[in-house]
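Notes for the one structure printed next.
Worth knowing before you read on, the calculation uses all heavy atoms, side chains too, and leaves out hydrogens, waters and symmetry mates.
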Amino acid sequence: MQQIIEEIMFVLKRHKGYMMDENEILEILTKPQNHEFSKKLALKIFQELECLKDQKEILKSFIFTQKFLEKFQFAMKGI
């Protein structure tokens with residue numbers, strides 16, 4: 001049992017190093033070398049959000065999505 005717990009703790013510690021918060025993700029996506037990929041991603045997200053255009057309260061909760069889209073001059077409709 002102790003060995004299993006130690007293995008779980010090892011894996012958790014290793015994976016913790018891969019975790020990023022929203023600001024770190026935005027930083028990576030807005031680096032110049034990622035511009036083309038990120039612009040395509042922003043367009044795709046913008047298009048997918050069309051189905052929520054009448055759900056203003058839900059869209060308001062997408063704070064980091066909005067920040068990301070603004071980097072590419074896309075405005076979330078309805079907010």
Side-chain angles (χ1 to χ4, degrees):
M1 183 65 151
Q2 182 64 29
Q3 183 181 0
I4 293 171
I5 293 172
E6 288 175 9
E7 287 181 40
I8 291 171
M9 295 305 290
F10 174 78
V11 170
L12 288 174
K13 184 176 180 181
R14 184 177 55 181
H15 285 275
K16 188 175 182 180
Y18 298 125
M19 291 182 358
M20 294 183 281
D21 66 19
E22 292 90 346
N23 289 315
E24 291 171 310
I25 294 168
L26 282 175
E27 183 180 327
I28 290 168
L29 288 172
T30 56
K31 285 185 176 182
Q33 64 265 31
N34 297 327
H35 181 79
E36 286 304 313
F37 167 79
S38 295
K39 187 174 182 178
K40 289 177 186 175
L41 178 62
L43 178 59
K44 181 70 174 168
I45 291 169
F46 180 74
Q47 292 168 339
E48 293 291 327
L49 288 174
E50 181 68 25
C51 67
L52 294 175
K53 66 181 178 187
D54 296 326
Q55 305 293 322
K56 292 180 172 121
E57 290 304 313
I58 293 173
L59 287 175
K60 284 181 183 178
S61 70
F62 289 24
I63 297 166
F64 289 97
T65 302
Q66 185 174 355
K67 286 181 183 180
F68 174 64
L69 293 177
E70 287 172 355
K71 302 274 185 194
F72 298 95
Q73 288 77 47
F74 292 113
M76 288 173 47
K77 296 175 183 174
I79 60 168

Original post:
Partners of Glu48 by salt bridge (Lys or Arg N to Asp or Glu O under 4.0 Å), sequence neighbours excluded?
Top reply: Lys44
Original post:
Say you draw a straight line from NZ of Lys31 to CZ of Phe37; how long is it, rounded to the nearest 0.5 Å?
Top reply: 14.0 Å
Original post:
Among the clusters formed by ILVMFWY side chains lying less than 4.5 Å apart, do Met19 and Val11 turn up in the same one?
Top reply: no
Original post:
Ignoring hydrogens and geometry, is there a side-chain-to-backbone donor-acceptor pair from Glu24 to Asp21 under 3.5 Å?
Top reply: yes
Original post:
What closest approach, in Å, do Ala75 and Phe46 show between heavy atoms, and which atom pair accounts for it?
Top reply: O-CE1, 2.9 Å
Original post:
Does atom CD of Gln3 have more than 12 heavy-atom neighbours, drawn from other residues, nucleotides or ligands, at distances under 6.0 Å?
Top reply: no
Original post:
Is any side-chain heavy atom of Phe62 closer than 4.5 Å to a side-chain heavy atom of Leu52?
Top reply: yes
Original post:
Is Lys67 paired with Glu70 through a side-chain N to carboxylate O contact shorter than 4.0 Å?
Top reply: no
Original post:
Who are the ring pair (Phe, Tyr, Trp, His ring centres under 6.0 Å) partners of Phe72, not counting sequence neighbours?
Top reply: His35, Phe68
**OP:** Mind listing the closest non-hydrogen atom pair of Ile28 and Asn34 along with its distance?
**Re:** O-ND2, 2.6 Å
Original post:
According to a 4.5 Å side-chain heavy-atom criterion applied to Ile, Leu, Val, Met, Phe, Trp and Tyr, with indirect links allowed, do Met20 and Leu29 form part of one hydrophobic cluster?
Top reply: yes
**OP:** Please determine if Lys60 and Glu57 form a salt bridge, counting it only when a charged side-chain N lies under 4.0 Å from a carboxylate O.
**Re:** yes
Original post:
In Å, rounded to the nearest 0.5 Å, how long is the span from CD1 of Ile25 to OG1 of Thr30?
Top reply: 11.5 Å
Subject >> Set of side chain to side chain donor-acceptor pair (under 3.5 Å) partners for Gln2, sequence neighbours left out >> reply: Glu6
**OP:** Could you check if a side-chain atom of Ile5 sits within less than 4.5 angstrom of a side-chain atom of Met9, using non-hydrogen atoms only?
**Re:** yes
Original post:
So which heavy atom on Leu59 is nearest to which on Lys53, and how close?
Top reply: CD1-CA, 4.1 Å
